[in-house]
Student: 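Got a structure for you, questions after.
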Protein chains: 2
Amino acid sequence: MLRVVTTVNVNGLRAAAKKGFSAWLAATEADVVCLQEVRAEPEQLPAEIREPEGWHAVWAPAAAKGRAGVALLSRQRPERQRIGFGSAEFDTSGRYAEIDLPGLTVVSLYLPSGEVGTERQEEKERFMKEFLVHLLDLRTQAAVTGREVLVCGDWNIAHREADLKNWRANQKLSGFLPEERAWLTRVFDEAGYVDVVRRLHPDTPGPYSWWSYRGKAFDNDSGWRIDYQIATPGLAEQAVGARVERAASYDARWSDHAPVTVTYAAQA
Amino acid sequence: MLRVVTTVNVNGLRAAAKKGFSAWLAATEADVVCLQEVRAEPEQLPAEIREPEGWHAVWAPAAAKGRAGVALLSRQRPERQRIGFGSAEFDTSGRYAEIDLPGLTVVSLYLPSGEVGTERQEEKERFMKEFLVHLLDLRTQAAVTGREVLVCGDWNIAHREADLKNWRANQKLSGFLPEERAWLTRVFDEAGYVDVVRRLHPDTPGPYSWWSYRGKAFDNDSGWRIDYQIATPGLAEQAVGARVERAASYDARWSDHAPVTVTYAAQA
DNA sequence: CGTATAATG
DNA sequence: CATTCTACG
C-alpha cells in the first residue's frame, strides 16, 4: 500500500484559497497534507478548507493574529494529535503540530525565518536549539514504540550548496549560514533522520521549493530547497518517489513555495 | 466666457488613478479641479497626474503619510497659492489649499470626518470653529478687494433633510448632527456664502455626491450630499448649471465620491 | 513583492 | 467595504 505525503508553505491560506489552493486540494492524491504559514484562525477560513470533506484537519494557529500557523490534513482519522513540542516560548507560536497515524507520527513544522544581526535570528537559533532536543526525544520514543516519524515543513535552512541557486552569494544570509547548515547536519548525523527528497535525488540541483516574489526569481528558477520531509530511516527507505509541484508559470502560483510530495510504500 | 469648476474626493489618488481618474481628467472640460483625500505625497504619484500637461497643480499633502491631502489643478497659472488657513493645528494636515485666479479665489477643502463620542469628533468641531473665522475673514478680504471666493470640497456635513437619503436614521451620526447642520447654516446666513448646487436645484433630493462602499448604498442611491461648492453671492449668481458625475455602475467608480461640477458664466 | 494587521473613512 | 500604513517574510 502506498502513502502519499505533501508539505507546503501556503503563505496565507486565505489568499492561497482564492488563487488555487482549493483546486489543488481537491485534485491532490496525497493522504496527508502538512501546511505552514496558514496566517489565519480556522474560523477565518472558508468552510471547504476548514473542514474539507473526506479529510480530518488539525489547526495550530499562532497566538499573534495573521502570523505563522501550521496545520495537518489527513484522510485517515488521527489516533492522537498534539500542538507544540513542549516549549514555553514556542508552543503558542503556530510552528508545530503533529498527528499519530497507525505506526507513523507526522509533524508539520514551520521553523522561524531569521535575519542576520536581528532579534529574529536569535529567536531562530533558540528554536533550533530546543527543537533538536525534541527531535532526539521523538526519535527515542519512536524507537521504543516501533513507530516511524516524518517531520514535514518549512525548515528555513538550505543544507548544502546544491540546495539553492546561488550559494556563494548567500553564505552570509540567514537560511544558509554555516551554523544553520551545521545544525541540519546534526539533525541527520546525530539524531539519525534522513532527508528523503535528497536521498531519492542525490545529484540534482534542488529541486527548489521556494522562490522569492521579488524580481525574476521564479522565472529564473533562482530558488531554495528549504521545505523538507525528514524521516526516520525505516520510513525513508520506503520512499519511492518525490517531486516538487512547481507551478507552470509565475501567475499560476498560489504561494511563493511549491508543494513537496513524496510517495511511501508503507507497511501499515 | 464660461468657467467650469469640479470638486471631488478621490479617496486615494494612487488607487483612483489606476481605476479611471486619469481618463476622467483627460476628458473633463473643467478649468479648475479641486481634489480631496489625495492620500499621497506628490512624489508618489504618476507624472501624468503630478504634472498633468496643460494644468498647473498645487499639492498640499498631510504631514501624516497616507492621510488626507488636498490639491488644486487649474488650466490657468494661479496668481498666488496658499496652503493652510493660518491654523497651528491644521495647516500641515492636508485639509486646505487655495489659489488666486483673476478676480477669484478657489479653495480646496477637506473638513475632518468625525465619529460621535470620539476624539475625532472633537477635532472636527475644533476645525469647524477655526474655519468659520477664516471664512468670515476671507469674505471680508474679498469684499475689500472686489474678488469672488469659491470654497470647494468635502465638508463632511449634510445640511438639510434633502441632502441625504435617510435623514431620520442618521440624526445622531456625525455628518448630520444638529450642531453640524447649524454650523453650516451660519456659513450661509452669517458669513453670507451660497450653496451653489442647492441654489440651482432647490427641490431635488440630493444630488448626492457620496455613497458608502458598504452594502448596496450605491445601487440604492443611498447617498449623502457632503461635497459642496460654496460661493460668495456675486459668483453664485453666475452659476448656470450643476451636475454630479455619478458613475454608470458600482464597478465604474474610481472613488466613493463623485465629481461635483458647476458651470459659471464668469465676468473675468 | 506579497500577505497579513491597524487606522481611517 | 475600500485605501492606506506597518510588520513580516
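Naming convention: chains lettered A, B, ... in sequence-line order (proteins, then strands); numbering from 1 in each chain. For clarity, every value in this text was computed on a predicted model and none was experimentally measured.
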Student: Expressed in angstrom and rounded to an integer, what is the separation of A/Asn9 atom CG from C/dA4 atom P?
Tutor: 12 Å
Student: Let me know the distance between CG of A/Leu13 and P of C/dA4, rounded to the nearest Å.
Tutor: 8 Å
Student: Tell me what B/Glu115 touches on the nucleic acid: a base, only sugar-phosphate, or nothing, going by heavy atoms under 4.0 Å.
Tutor: nothing
Student: Between P on D/dC8 and CH2 on A/Trp210, what's the gap in Å once rounded to a whole number?
Tutor: 17 Å
Student: NA contact type, A/Phe218, heavy-atom cut-off 4.0 Å: base, sugar-phosphate, or nothing?
Tutor: nothing
Student: OP1, OP2 of D/dG9 versus side-chain N and O of A/Arg120: anything below 4.0 Å?
Tutor: yes
Student: Should B/Arg39 be listed as having a side-chain N or O under 4.0 Å from OP1 or OP2 of C/dA7?
Tutor: no
Student: Whole angstrom is fine here: how far is it from OH in A/Tyr110 over to C1' in C/dA4?
Tutor: 12 Å
Student: How close do A/Glu98 and A/His134 get, counting heavy atoms only, and between which atoms?
Tutor: OE1-NE2, 4.2 Å
Student: Is it true that the NZ or CZ of B/Arg225 lies under 6.0 Å from the centre of B/Trp155's six-membered ring and within 45 degrees of the ring axis?
Tutor: no
Student: For the residue pair A/Ile49 and A/Trp59, what are the closest heavy atoms and their distance?
Tutor: O-CZ2, 3.3 Å
Student: Using a cut-off of less than 4.0 Å, is there contact between a side-chain N or O of A/Lys19 and OP1 or OP2 of C/dT3?
Tutor: yes
Student: Over how many whole Å does the gap from B/Lys124 atom NZ to C/dT8 atom C1' extend?
Tutor: 14 Å
Student: So is A/Arg253 actually on top of A/Phe218's ring, under 6.0 Å and inside 45° of the axis?
Tutor: yes
Student: Counting only N and O atoms by type, is there a donor-acceptor contact under 3.5 Å from the side chain of A/Lys19 to the main-chain atoms of A/Asp251?
Tutor: no
Student: Using a cut-off of strictly less than 4.0 Å, decide whether A/Gln44 has a side-chain nitrogen or oxygen near OP1 or OP2 of C/dT5.
Tutor: yes
Student: Do B/Arg67 and C/dG9 share a donor-acceptor pair, side chain to base, under 3.5 Å?
Tutor: no
Student: Tell me whether the side-chain N/O atoms of B/Tyr250 come closer than 4.0 Å to OP1 or OP2 in D/dA2.
Tutor: yes
Student: Do any side-chain nitrogens or oxygens of B/Lys65 fall under 4.0 Å of OP1 or OP2 in D/dT6?
Tutor: yes
Student: Take atom CG of A/Leu173 and atom P of D/dG9, then tell me their distance rounded to the nearest Å.
Tutor: 14 Å
Student: Donor-acceptor pair under 3.5 Å: do we get one between A/Arg214's side chain and the base of D/dG9?
Tutor: yes
